[in-house]
Each structure stands twice: as structure tokens, then as C-alpha cells.
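These values consider heavy atoms only, across backbone and side chains, with no hydrogens, waters or symmetry-generated copies.
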Amino acid sequence: MNRKFWSLCLAAILSPCTALATDETEQGLATLWEVLWHQSGTPTRIVRWESDIRMRMTGVELPRHREHVLKAMRDVTAETGVRLIDVTDQPGEFANLTVEITPDTALEDNQPCVTYLDFRSEARVETATIQMRSKDTWRCAYHEAMHLMGVRGHPAGKTVLSYFPWKVDSLMPLDKVMLRAWYSPRMKGGMTPFEALPVLADELIATAADKPAATQARERFFASTVEQMQAYAAGRGDIPAIVKRSGKSTEEGIRHGRSEMSYFLGVAYFEGATVRPDQKQALTWFERAASAGNRRAQSYLAGPSR
């Protein structure tokens with residue numbers, strides 16, 4: 001039997017594995033794209049910490065929950081390089097993060113834990129507050145620790161951020177990819193989704209066994225996502241699945257999301273982020289967003305800075 005025959009046989013054996021790896025990459029990319037959407041169903045910019053996190057825990061049953069919460073916070077911050085300092089036992093020390101363990105009767109059954117991020121501009125987190133009901137702390141700690149770092153979405157996929165998580169007591173590989181990318185030197189606070197997506201995608205591809213196949217999957221995903229977002233921004237076709245899954249999306253929010261997406265598409269074409277630079281396309285999307293009252297788009301049309 002000749003070499004060509006054996007090559008064909010080997011390709012037949014390997015192709016299911018390649019297809020599986022490609023599917024996993026595409027699913028991972030979809031999850032990474034969805035973390036760039038707020039749970040209200042609107043696309044967001046990158047926000048992240050630029051300082052140490054000084055945490056104080058308060059509330060009920062602290063001895064019971066403290067070590068688990070600390071482990072979740074340490075695991076998450078370890079992936080980002082952000083320093084975590086626990087000042088719970090130092091009443092006079094400054095804290096920019098408060099973690100409150102609330103009674104089981106507090107909060108709501110459909111939202112037993114919540115994170116509030118405080119930022120003066122949509123770029124850098126200044127302070128934060130996390131609340132978790134005592135009985136839900138075990139399943140909430142890693143989920144809210146991810147939100148603490150600025151990752152605000154609730155994507156479908158293998159992540160502790162999912163509405164129906166695969167795991168709740170430790171980070172999953174995709175969570176680590178998100179965090180490393182979010183705090184990589186390439187990522188900057190204030191980046192738009194199309195500017196951030198390539199950074200997230202490259203971090204995912206770095207973990208892939210078949211990098212050429214993963215790279216091809218990335219290019220297909222970029223093209224498909226841009227096409228879908230153009231339709232969404234223009235009000236054509238159906239709204240994105242991430243918006244449908246959000247329990248907080250409203251008609252007004254969808255209109256705002258379309259305006260924001262028009263602006264983000266303008267930035268994408270202007271900067272050549274996720275797509276090839278195209279000044280004509282950029283102008284078209286900026287004009288659409290500006291006509292819908294988007295102030296950032298109006299600023300772009302008025303001058304080069306934003």
C-alpha cells in the first residue's frame with residue numbers, strides 16, 4: 001500500500017477529533033463573546049481593577065464561610081495578577097471591597113447573590129460590594145468573584161458564570177482564559193467588545209491542541225458574529241440569543257443595545273478590530289448610532305478622539 005493510501009486512512013481517523021476540537025473552540029468563542037454583554041442584555045465595555053483589592057468581610061456566620069470565600073477570591077485574583085489583601089480583622093484599614101454575608105431571608109430567591117461595581121468611567125473599577133445569602137454562599141462565591149473582576153456577563157457554556165453552571169466550587173478552564181485575557185497587557189479598560197474579542201480569542205487559541213484549526217474557527221466566528229451584529233444593530237432579523245436569555249432585557253434596553261452596537265461596529269471598522277479597517281463602513285455605523293442619540297458616536301463624527 002502506498003503512502004497516499006496511509007495518509008488518507010490517517011486523515012479519516014483524525015478528522016472526527018479535529019471536528020470535535022473545532023466545535024469546542026467555536027463553543028468557547030461563543031461563550032467569550034457573551035461575557036462582553038451585561039445581564040440586562042446590552043453590550044458593554046471592558047472594566048477592570050487597576051489597584052490592589054482590599055477586602056473586608058461582614059455579616060452573618062463569617063467563621064463558617066470565610067475560608068471558602070477567601071479561596072474563591074484568591075483563585076480568581078491569582079489568574080489576573082491583581083493583589084488581594086484581606087483586611088477583615090483590621091477595622092481601621094481601608095477597604096475597597098465589601099463582601100457581606102446576608103441572612104437567608106435577605107435578597108431574593110431568583111437572585112441570592114449580587115455584585116455591585118462602582119466606576120466613575122466605564123474603564124476602571126474603584127470600589128465594589130458583594131452580597132450573598134448565607135445558605136447560598138458556597139454556590140455563589142466563585143460566580144460573584146468573577147463578576148468582581150469586571151466580567152459582567154452570564155454566558156451559556158462551561159463557566160461558573162452560566163445561569164446553569166457546570167461547576168460552582170472552583171474555576172473552569174474557560175474561566176481562567178477569560179481572566180487571563182481580561183487582565184493581559186493587551187486588554188485596556190474601556191475597550192469595546194470588538195476590540196476585546198480578539199484578545200479573548202487569542203488566549204483561548206493558546207490553549208488549543210490544534211492551533212491551525214482553532215485559528216480557522218476564530219476567523220469564521222469573527223465573520224459570523226460581525227454579520228449577526230450588523231443585522232441586530234440595523235434592526236433586521238432576530239435579536240441575539242444572549243438578549244433572549246437575559247431576564248432583565250426590555251424593549252428600551254434592546255433599542256439602547258442596538259444604538260450601542262452601531263457605535264461599537266463603527267469603532268470596529270475605524271480601528272480594524274475584529275474586522276479589516278473600512279472608513280466608509282465606520283462612518284455609516286457612526287452616523288446610524290449618532291442619529292439614535294449615541295453621544296460617543298456623535299463625538300467620533302465631530303473629531304478623532306473618543
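Taking CG of L179 as the reference point, atom OG of S184 lies at 11.5 Å (rounded to 0.5 Å). The distance from the CZ atom of R218 to the CG atom of L200 is 12.0 Å, given to the nearest 0.5 Å. The CH2 atom of W37 sits 10.5 Å away from atom CD of E260, with the distance rounded to the nearest 0.5 Å. Between Y232 atom OH and S262 atom OG the span is 9.0 Å, to the nearest 0.5 Å. Rounding to the nearest 0.5 Å gives a distance of 5.0 Å between CD1 of I130 and CG of L97. A distance of 11.0 Å separates CG in D136 from CH2 in W138, rounded to the nearest 0.5 Å.
By the 4.5 Å heavy-atom criterion applied to side chains, F286 and L265 are not counted as neighbours. For the pair Y263 and W285, the minimum side-chain heavy-atom distance is 4.5 Å or more. With a 4.5 Å cut-off on side-chain heavy atoms, R220 and E26 count as touching. For the pair Y183/V82, a side-chain contact is recorded, criterion being any heavy-atom separation below 4.5 Å from C-beta on. A heavy-atom distance below 4.5 Å is not found between the side chains of Q279 and T284. Two residues are said to be in side-chain contact when any heavy atoms from C-beta on lie closer than 4.5 Å; L204 and L174 meet this criterion. Residues L197 and F221 form a side-chain contact, since some pair of their non-hydrogen atoms from C-beta on lies under 4.5 Å apart. Proximity of W182 to V151: side-chain heavy atoms (C-beta onward) are separated by under 4.5 Å at one or more points.
Between R56 and E100 there is no salt bridge, since no side-chain nitrogen of the basic residue lies less than 4.0 Å from a carboxylate oxygen of the acidic one. Here K167 pairs with D169 in a salt bridge; the nearest charged N to carboxylate O distance falls below 4.0 Å. Ionic pairing of R124 and E50 is not present here: no N-O contact between side-chain nitrogen and carboxylate oxygen is shorter than 4.0 angstrom. Between R152 and E122 there is a salt bridge, since at least one side-chain N of the basic residue sits less than 4.0 Å from a carboxylate O of the acidic one.
Of the possible donor and acceptor atoms, one in the side chain of T31 sits under 3.5 Å from a partner among the backbone N and O of Q27. A donor-acceptor pair is defined here as one N or O able to donate and one able to accept, closer than 3.5 Å; no such pair exists between the side chain of R288 and the backbone of S259. Formation of a donor-acceptor pair under 3.5 Å by the K211 side chain with backbone atoms of A208 is found in this model. A donor-acceptor contact shorter than 3.5 Å is absent between the side chain of D175 and the backbone of T159. Side-chain atoms of T225 never come within 3.5 Å of backbone atoms of F222 as a donor-acceptor pair (strictly under, hydrogens ignored). Judged by distance alone, the side chain of T137 and the main-chain N or O of R133 form a donor-acceptor pair under 3.5 Å. A distance-only check finds no donor-acceptor pair linking the side chain of E79 to the backbone of R180 [under 3.5 Å]. Checked by atom type and distance alone, the side chain of N96 pairs as donor or acceptor with a backbone atom of R54 at under 3.5 Å.
Note: H38 and H154 fail the aromatic proximity criterion, with ring centroids not under 6.0 Å apart.
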TODO: For side-chain contact (heavy atoms from CB on, under 4.5 Å), just list the numbers for I46 and K188, CA-CA rounded to whole Å, side-chain angles, deciding distance to a tenth of an Å, and then say yes or no.
DONE: CA-CA 7 Å; I46 294 291; K188 306 296 181 184; over 6 Å; no
TODO: Take T215 and E219 through the test side chain to side chain donor-acceptor pair (under 3.5 Å) and record every step on the way to the result.
DONE: CA-CA 6 Å; T215 300; E219 298 311 310; over 6 Å; no
Task: L32 vs E203, side-chain contact (heavy atoms from CB on, under 4.5 Å): CA-CA, chis, key distance, verdict - done: CA-CA 10 Å; L32 295 176; E203 189 68 41; over 6 Å; no
TODO: Test T129 against T115 for side-chain contact (heavy atoms from CB on, under 4.5 Å), laying out the working first.
DONE: CA-CA 6 Å; T129 301; T115 295; over 6 Å; no
Open item on the list: Run the side-chain contact (heavy atoms from CB on, under 4.5 Å) test on V87 and M55 for me, step by step, so that the C-alpha distance in whole Å, both residues' side-chain angles and the decisive distance to 0.1 Å come before the verdict.
Closed with: CA-CA 6 Å; V87 298; M55 178 182 75; 5.9 Å; no
Open item on the list: Could you walk me through whether S134 and E61 satisfy the side chain to side chain donor-acceptor pair (under 3.5 Å) test, starting with their C-alpha distance in whole Å, then the side-chain angles of each, then the deciding distance to 0.1 Å, before giving a yes or no?
Closed with: CA-CA 7 Å; S134 180; E61 299 185 287; 2.4 Å; yes
Between side-chain atoms of residues 69-76 and protein atoms elsewhere (two or more places apart, or another chain), which donor-acceptor pairs fall under 3.5 Å?
residue : atom : partner : partner atom : Å
K71     : NZ   : D75     : OD2          : 2.9
K71     : NZ   : Y142    : OH           : 3.2
D75     : OD2  : Y142    : OH           : 2.6

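In terms of heavy atoms, L148 sits closest to A128 at CD1-CB, 3.6 Å. Between D109 and P112 the shortest heavy-atom distance is O-CD, 3.8 Å. Smallest separation of non-hydrogen atoms from L301 and A290: CD1-CB, 3.6 Å. Heavy-atom minimum distance, P240 versus M229: CG-CE, 3.7 Å. Between V199 and E195, the closest heavy-atom pair is CG2-O, 3.9 Å. The nearest pair of heavy atoms linking L62 to M57 is CD1-O, 3.7 Å.
Using bins of under 30°, 30° to 60° and over 60° for the plane-to-plane angle, the ring pair F270/Y300 lands in the perpendicular bin.
Linking Ile, Leu, Val, Met, Phe, Trp and Tyr whenever their side-chain heavy atoms come within less than 4.5 Å puts L29 and V275 in one cluster. I85 and V125 are members of different hydrophobic clusters when ILVMFWY side chains are connected at heavy-atom separations under 4.5 Å. In the hydrophobic cluster analysis, where Ile, Leu, Val, Met, Phe, Trp and Tyr join through side-chain heavy atoms closer than 4.5 angstrom, F264 is grouped together with I239. Both L117 and M178 are part of a single hydrophobic cluster, where members link through side-chain heavy atoms under 4.5 Å apart. When hydrophobic clusters are built by joining Ile, Leu, Val, Met, Phe, Trp and Tyr residues whose side-chain heavy atoms come closer than 4.5 Å, directly or via intermediates, M191 is grouped together with V226.
Other residues, nucleotides and ligands contribute at most 12 non-hydrogen atoms within 6.0 Å of the CZ atom of R83. The 12-atom threshold is not exceeded at CD of E227, counting heavy atoms of other residues, nucleotides or ligands nearer than 6.0 Å.
Sorted by first and then second residue, the ring pair (Phe, Tyr, Trp, His ring centres under 6.0 Å) pairs with a member in residues 194-217 read W33-F194; sequence neighbours excluded.
Side-chain contact, S291 with E287: no donor N or O sits under 3.5 Å from an acceptor N or O.
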